[in-house]
S.K.: 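Structure provided below as structure tokens; questions to follow.
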Protein chains: 2
Amino acid sequence: MKKLELFDDKQQEIASLAKALSHPARIAILQFLASTPTCISGDISDYLPLSRTTVSQHLKELKSIGLIQGDVEGLKIKYCLNKEGIEKLNHVFGNLFDEITPSDNKIC
Amino acid sequence: MKKLELFDDKQQEIASLAKALSHPARIAILQFLASTPTCISGDISDYLPLSRTTVSQHLKELKSIGLIQGDVEGLKIKYCLNKEGIEKLNHVFGNLFDEITPSDNKIC
DNA sequence: TTCTAATGTCGCAAACATACGTCATTAATC
DNA sequence: GATTAATGACGTATGTTTGCGACATTAGAA
């Protein structure tokens, strides 16, 4: 059993994705985008109990980690779930759960 | 489309669980506990590149959200994954992924 | 071109998270 | 009972996140 020098890339990646999901506003945004076909930025901030500025920051965070994408449509910006990002999320957490789910015969 | 008054319990729950996973040290602790049958607190802080005090705080956080449990064994304390907590995590995230995974025919 | 609407960026304040040294507590050992 | 070892709790410094108003930018309408 050796001492870790630092956390590895995989652990960092899981933690970063988890951080993106660690605020209820960002969960609400993802659910909203999943339930609506055309999602204009303004619609999202009208819906959430937060200022437009704050919602804009949450959108920026979700975009920078690749869970959503934003396409300019004239004056407005249409945000959508990013299929690849969501699939990656699914995959990364699936692996983690496989790794840490205790088997019935494990002691303790 | 009505405005949310505040975030609902489900969204809060997902966010809280995600927050527990949002630091690489806590991921490393869960993986370590999954790979070792008897896990004494001191072993964990010997392993991680953090002080004993800091590790103790991460353990406290994981315990308070129910992902691990700690049983006193004389002078030492044995930490283990909490099967129910991990299953709940699995379930909650599984539901979220079902909800937000885009179907192929969805526009955008 | 000027005006308006939709949106992002900046900068600040308050709250929260992280890391760690020191101290308190408790169990086993002498 | 005194000593040592394992551990959690407390306090504190530093960094990060959140929320928001004010400003900047850009696209389309008048």
S.K.: Which residues pass the side-chain hydrogen bond (donor to acceptor under 3.5 Å, both in side chains) test with B:Thr53, not counting sequence neighbours?
M.R.: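 side-chain hydrogen bond (donor to acceptor under 3.5 Å, both in side chains) check on B:Thr53 returns nothing, list empty.
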S.K.: Which nucleotide span of DNA chain D, 5' end to 3' end, has atoms closer than 4.0 Å to non-hydrogen atoms of chain B?
M.R.: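 Span of nucleotides near chain B: D:dA5 to D:dG11.
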S.K.: So does B:Glu13 pair up with B:Lys88, basic N to acidic O under 4.0 Å?
M.R.: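 Looking at B:Glu13 and B:Lys88, the cut-off is met.
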S.K.: Using a cut-off of 4.0 Å on non-hydrogen atoms, how would the nucleic acid contact of A:Ser56 be classed: base, sugar-phosphate, or nothing?
M.R.: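 A:Ser56: base contact, heavy atoms under 4.0 Å.
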S.K.: What are the 5'-most and 3'-most nucleotides of DNA chain C lying under 4.0 Å from any heavy atom of chain B?
M.R.: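 Answer, 5' to 3': C:dA17 to C:dA28.
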S.K.: Which is more 5' along DNA chain C, the nucleotide nearest A:Gln57 or the one nearest B:Ser22? Just name the residue.
M.R.: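 Result of the comparison: A:Gln57.
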S.K.: Judged by each residue's nearest nucleotide on DNA chain D, which is more toward the 5′ side, A:Thr53 or A:Arg26?
M.R.: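 Of the two residues, A:Arg26 wins.
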S.K.: I'd like to check B:Leu96 versus A:Leu30 (side-chain heavy atoms, cut-off strictly below 4.5 Å). Are they in contact?
M.R.: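 No. Closest side-chain heavy atoms not under 4.5 Å.
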S.K.: Mind checking if A:Glu73 touches a base, just sugar-phosphate, or nothing, with heavy atoms under 4.0 Å?
M.R.: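 Here A:Glu73 touches no strand at all.
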S.K.: Looking only at side chains, do B:Thr101 and A:Asn90 share a donor and an acceptor under 3.5 Å apart?
M.R.: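 A:Asn90 and B:Thr101 do have a side-chain donor-acceptor pair below 3.5 Å.
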S.K.: Which part of the nucleic acid, if any, lies within reach of B:Lys19 when heavy atoms closer than 4.0 Å are counted: base, sugar-phosphate only, or nothing?
M.R.: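 Result for B:Lys19 = sugar-phosphate.
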S.K.: Please check if the side chain of B:Thr36 supplies one atom and the backbone of B:Cys39 the other of a donor-acceptor pair under 3.5 Å.
M.R.: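 No.
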S.K.: So what does B:Ile40 hit on the nucleic acid, given a heavy-atom distance under 4.0 Å: a base, only sugar-phosphate, or nothing?
M.R.: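 Result for B:Ile40 = sugar-phosphate.
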S.K.: Would you call the rings of B:Phe93 and A:Phe93 parallel, tilted or perpendicular, where under 30° means parallel and over 60° means perpendicular?
M.R.: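 Taking A:Phe93 first and then B:Phe93, their aromatic rings lie parallel (interplane angle under 30°).
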S.K.: Give A:Thr54 one of three labels, base, sugar-phosphate or nothing, depending on what nucleic acid heavy atoms sit under 4.0 Å from its own.
M.R.: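 Base: the residue A:Thr54, judged by heavy atoms under 4.0 Å, touches a nucleobase.
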S.K.: Ignoring hydrogens, what is the shortest heavy-atom contact between B:Leu89 and A:Phe97? Give both atom names and the distance.
M.R.: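 The pair with the smallest heavy-atom distance is CD2-CE2, 3.5 Å.
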S.K.: Using the rule that Ile, Leu, Val, Met, Phe, Trp and Tyr join whenever any side-chain heavy atoms are under 4.5 Å apart, tell me whether B:Leu21 and A:Val92 fall into a single cluster.
M.R.: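 Same cluster.
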